[in-house]
Amino acid sequence: MATPVFSLAAAAAAALIFACAAYAGDPFAYFDWDVSYITAAPLGVEQQVIAINKQFPGPVVNITTNWNVVVNVLNSLDEPLLITWNGIQQRKNCWQDGVLGTNCPIPSGWNWTYQFQVKDQIGSFFYFPSVGFQRAAGGFGGITVNNRAVIAVPFGKPDGDITLFIGDWYNKNHTDLRKMLDDGKDLGMPDGVLMNGKGPYRYNATLVPDGIQYETINVEPGKTYRFRVHNVGISTSLNFRIQNHNMLLVETEGLYTVQQNYTTLDIHVGQSYSFLVTMNQNASSDYYIVASARFVNESLWTRVTGVAVLHYSNSNGKASGPLPDPPNDFYDKYFSMNQAKSIRMNVSTGAARPNPQGSYKYGSINVTQVYVLKNEPPAVINGTRRTTLNGISYSPPDTPLRLADLYNLKGIYTLDFPSSPLDRPPRIGRSVINGSYKGFVEIILQNNDTTVQSYHMDGYSFFVVGMDYGEWTESNRGTYNKWDAASRCTTQVFPGAWTAILVPLDNVGIWNLRAQNLDSWYLGQEVYMKVADPEGYNKTELTVPDNVLYCGFLKDKQKPQESHRKQSSSPSIATGRSKLLTLMLLFATAFAVVS
Ligand SMILES: *[C@@H]1O[C@H](CO)[C@@H](O)[C@H](O)[C@H]1NC(C)=O
Ligand SMILES: *[C@@H]1O[C@H](CO)[C@@H](O)[C@H](O)[C@H]1NC(C)=O
Ligand SMILES: *[C@@H]1O[C@H](CO)[C@@H](O)[C@H](O)[C@H]1NC(C)=O
Ligand SMILES: *[C@@H]1O[C@H](CO)[C@@H](O)[C@H](O)[C@H]1NC(C)=O
Ligand SMILES: *[C@@H]1O[C@H](CO)[C@@H](O)[C@H](O)[C@H]1NC(C)=O
Ligand SMILES: *[C@@H]1O[C@H](CO)[C@@H](O)[C@H](O)[C@H]1NC(C)=O
Ligand SMILES: *[C@@H]1O[C@H](CO)[C@@H](O)[C@H](O)[C@H]1NC(C)=O
Ligand SMILES: *[C@@H]1O[C@H](CO)[C@@H](O)[C@H](O)[C@H]1NC(C)=O
Ligand SMILES: *[C@@H]1O[C@H](CO)[C@@H](O)[C@H](O)[C@H]1NC(C)=O
Ligand SMILES: *[C@@H]1O[C@H](CO)[C@@H](O)[C@H](O)[C@H]1NC(C)=O
Ligand SMILES: *[C@@H]1O[C@H](CO)[C@@H](O)[C@H](O)[C@H]1NC(C)=O
Ligand SMILES: *[C@@H]1O[C@H](CO)[C@@H](O)[C@H](O)[C@H]1NC(C)=O
C-alpha cells in the first residue's frame, strides 16, 4: 500500500503553488498515481483491468479530517479518464469532484493533479473512475477519513483495519460492456462477484473452477477488527456475511450508527459500511466471508457469489461445507427494507466534530423545495435504449456545466428540471435542478423499475427519512423518521418503492445526483443540482484551480501537454458515450432555437 509522503516544507510549497484557501497548518498528503491497464484473470478468464500503480484494486487513501489531499493522476489508459471521490464532500469546491458536469476528462497520456481538503467529515468511502463505464474494469480503491486525535470515537480502537471491496464482475471488459449498452442490449447475469479483485474460494468444486486466486483475511484469535466493506460493483445488490461471526455495525458513509449486531447485511451498489468483528470462534477451521447476489433467483445465480477466507492464525484447517445461509425472506419483501430502516444515527456521539451528531435537528427544519424523481425501466428514445429520471435522459454536453457558467456560455444546459414526473414522452436532455443555497430540499426517489437502484449525491450527505413500497404520496410524510435517520451519501430504492431524503443545501457548486448502478447511470439516469452562491464566485465558492482543463466550446483555451504516451489531444467528453446522441442533441437544440 502506498503511504502518503508527508512533509511540512512540501506542504508550504504546495500551499504557495496552488494558492488554495486551505487552512495553514492542515497537513498535506501526496499521491502519485499511474492509472493503466494490467492483465488479470480474476475469474479465470484473462482480461484488461484498470490498476493504479499496477495495483488492482487501487491503494487506500488513508487520511484525516481537514487534511489536504494532492493526487497527481497520470492517465495511461487509451481513453479519457476522471476519478471521482465518492462521498468526499468537496466543500465549496466542485472543481475537484471528477465528474463530467464539473471537469473535462483527462486525455489519454496526460496527467492532472487533484487537490482538495477533506473538511468536516470522517468515515469510509471509495474512489472510482467516473466515465466510460470504466468502474466495471476496476480503478477503484478506498478512502478512509480518520478522526482527528482530539475527537472521541464511540468504540475502542480496533486491533486492525481491513478494507474489502465486493462487487459483481463480468469476464467481458468494459469496452465490450459499453458497446452492448450502446447497442441497446442488456448486460445479463454477471459472471461472478469479486472480493478485493479476486474470485471465489473453491468452496464447491463443481461451481468454482480450479486455480482461481481468492482473498484471505488473516486474523489473530481474540482480537477485534474493523471491516470497511464497499460495494464497488456494477448493478448487483449483495448480501454480506461472515460465517459464525457477528458483525457489529458502527459506521456508514461517515455516520456513526447505533451499534447493532448483524449476521448478514444487504449492501447495495455504491454503499459503504464499517463493522467491528471479534475473532471469538474456536478456529476449528477457517471461516467463509460471503457476498451473494440478492433479490434474484439464487438457484440460477449461484455463480454470482463472492467467497473469501477468514483465517485465524491458530486455525486447524480449511473452510469446508456449505456457505452460511443468506436471509430466507422470499415471501417477505419488507425484510431488507426493515433492515435498512434499522440503520440509525447514534445521536449522542460526535463524528468529525465533538458536538453530537443529533444536535443538528433536521426533523424540525422547514422544507423549501420538493422534488419527486421517478425512474422508469429502460425505454427506446429516438432509436437508442435509455434510462430516465422524470422522463429525461441526461446526456453530458462537451463543455462541463460549471465551466460553462464560469465563462458565461449560454445554451449548454437548461435550469428547468421538472419537480415531478410530467405526462409526456421521455426525451434526451441536459436539464439541471435549480437548488436554492441554504434551502432544505426533500427528494423522493421513486423506483418504477423492477430491480433495486441506489442513488448518490455528490457534495452532500442526506438524511434517509423514509422508504416504503407503492407510489409516494404526501401522507407518507407522517411516517418519516425525524429523529435519528441515517445521514449518508448513497441510498437504495427498492423496486416499486420510494425512498425520501432530506438535504440541507449548504454547499455551493454544481453537484451530480446519479444512479450508482453503472448501467442505469451510463444510459442517462443522472441529473445535476446547481446550488449557486448568491454572493457570487470567489466569495463562498473556491476559485477555479490553476491547472483546470478546458474542452468543448472552451477547448481553444487549453495549452497542449506533452503526452507521456505520445497520444495527446484536447480533452473531449464525447468519447465513451454514443457520439450519435451528441449529434442528435445538437440537431434538437438547433431546431428548438430556429422554431
Ligand atoms: C475488450 O475486448 C475486446 C475483444 O472482446 C477487444 O477488442 C478490446 O480491445 C478490449 N478492450 C480493452 C480495453 O481491453
Ligand atoms: C491510517 O492512518 C491512521 C492515522 O494516521 C493510522 O493510525 C493507521 O495505521 C493507518 N492505517 C493504515 C491501514 O495504513
Ligand atoms: C503533471 O505532473 C507533473 C509532475 O509529474 C506536475 O509537475 C504537473 O503539474 C502535472 N500537471 C497537471 C496538469 O497536473
Ligand atoms: C456444489 O454445487 C452443486 C450445484 O449447485 C450442488 O449440486 C452440489 O451439491 C454442491 N456440492 C457440495 C459439496 O455442496
Ligand atoms: C454483538 O455480538 C458480540 C458477540 O459477537 C457481543 O459480545 C456483543 O455484546 C454484541 N453487541 C451488541 C450491541 O449486541
Ligand atoms: C468449534 O465450534 C463449532 C461451531 O461453533 C463446533 O461445531 C465445534 O464442535 C467446536 N469445536 C471445538 C473443538 O470446540
Ligand atoms: C428459479 O429458477 C429455477 C430454474 O430455472 C426454477 O425452477 C425456479 O422455479 C425459479 N424460482 C423462482 C422462485 O422463480
Ligand atoms: C453512542 O455513542 C456513545 C458515545 O457518545 C456510546 O457511548 C454509545 O455506546 C453509543 N450508543 C450506541 C447504541 O451505539
Ligand atoms: C416552519 O413553518 C411553520 C409554518 O409555516 C412556521 O410556523 C415555522 O415558524 C417555521 N419554522 C421555521 C424554523 O422556520
Ligand atoms: C429526436 O431527435 C430529433 C432530431 O433528430 C429531435 O427533434 C427530437 O426532439 C428528438 N426526440 C427526443 C424524444 O429526444
Ligand atoms: C410504474 O408506474 C406505473 C404507472 O404509474 C404503475 O402502474 C406501475 O405499477 C409502476 N411499477 C412499479 C414497479 O413501480
Ligand atoms: C478571489 O478573491 C481574492 C480576495 O478577495 C482575490 O485576492 C483573488 O484574486 C480572487 N481570485 C480570483 C480568481 O478572482
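Every number for a ligand or one of its atoms is a count from 1 in the order of the listing. Computed from a prediction, not measured in an experiment: that's the story for all the values here.
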Open item on the list: Could you tell me if the side chain of Lys530 sits less than 4.5 Å from the side chain of Phe417, heavy atoms only?
Closed with: no
Task: Residue from Lys92, Arg91, Lys438, Lys119 passing salt bridge (Lys or Arg N to Asp or Glu O under 4.0 Å) with Asp506 - done: Arg91
Task: Cation-aromatic face contact Lys333/Phe494, 6.0 Å, 45 degrees - done: no
TODO: Indicate the ring-plane relationship of Phe133 and Tyr522, choosing parallel, tilted or perpendicular according to the 30° and 60° boundaries.
DONE: perpendicular
Task: Residue Ser299 vicinity, atoms of ligand 7 by number, heavy atom under 4.0 Å - done: 1 (C), 2 (O), 3 (C)
Open item on the list: Check this for me - ligand 9, Ser364, N or O atoms closer than 3.5 angstrom, yes or no?
Closed with: no
Open item on the list: Counting C-beta onward and ignoring hydrogens, is there a side-chain heavy-atom pair between Asn481 and Lys341 closer than 4.5 Å?
Closed with: no
Open item on the list: List the residues meeting side-chain hydrogen bond (donor to acceptor under 3.5 Å, both in side chains) with Asn448, not counting sequence neighbours, and say none if there are none.
Closed with: none
Open item on the list: Show me, by chain and number, every protein residue that has a heavy-atom distance under 4.0 Å to ligand 6.
Closed with: Asn244, Gln281, Asn282, Ser284
TODO: Check Asp186, Asp182, Asp183 against Arg385 for a salt bridge (Lys or Arg N to Asp or Glu O under 4.0 Å) and give me the one that passes.
DONE: Asp186
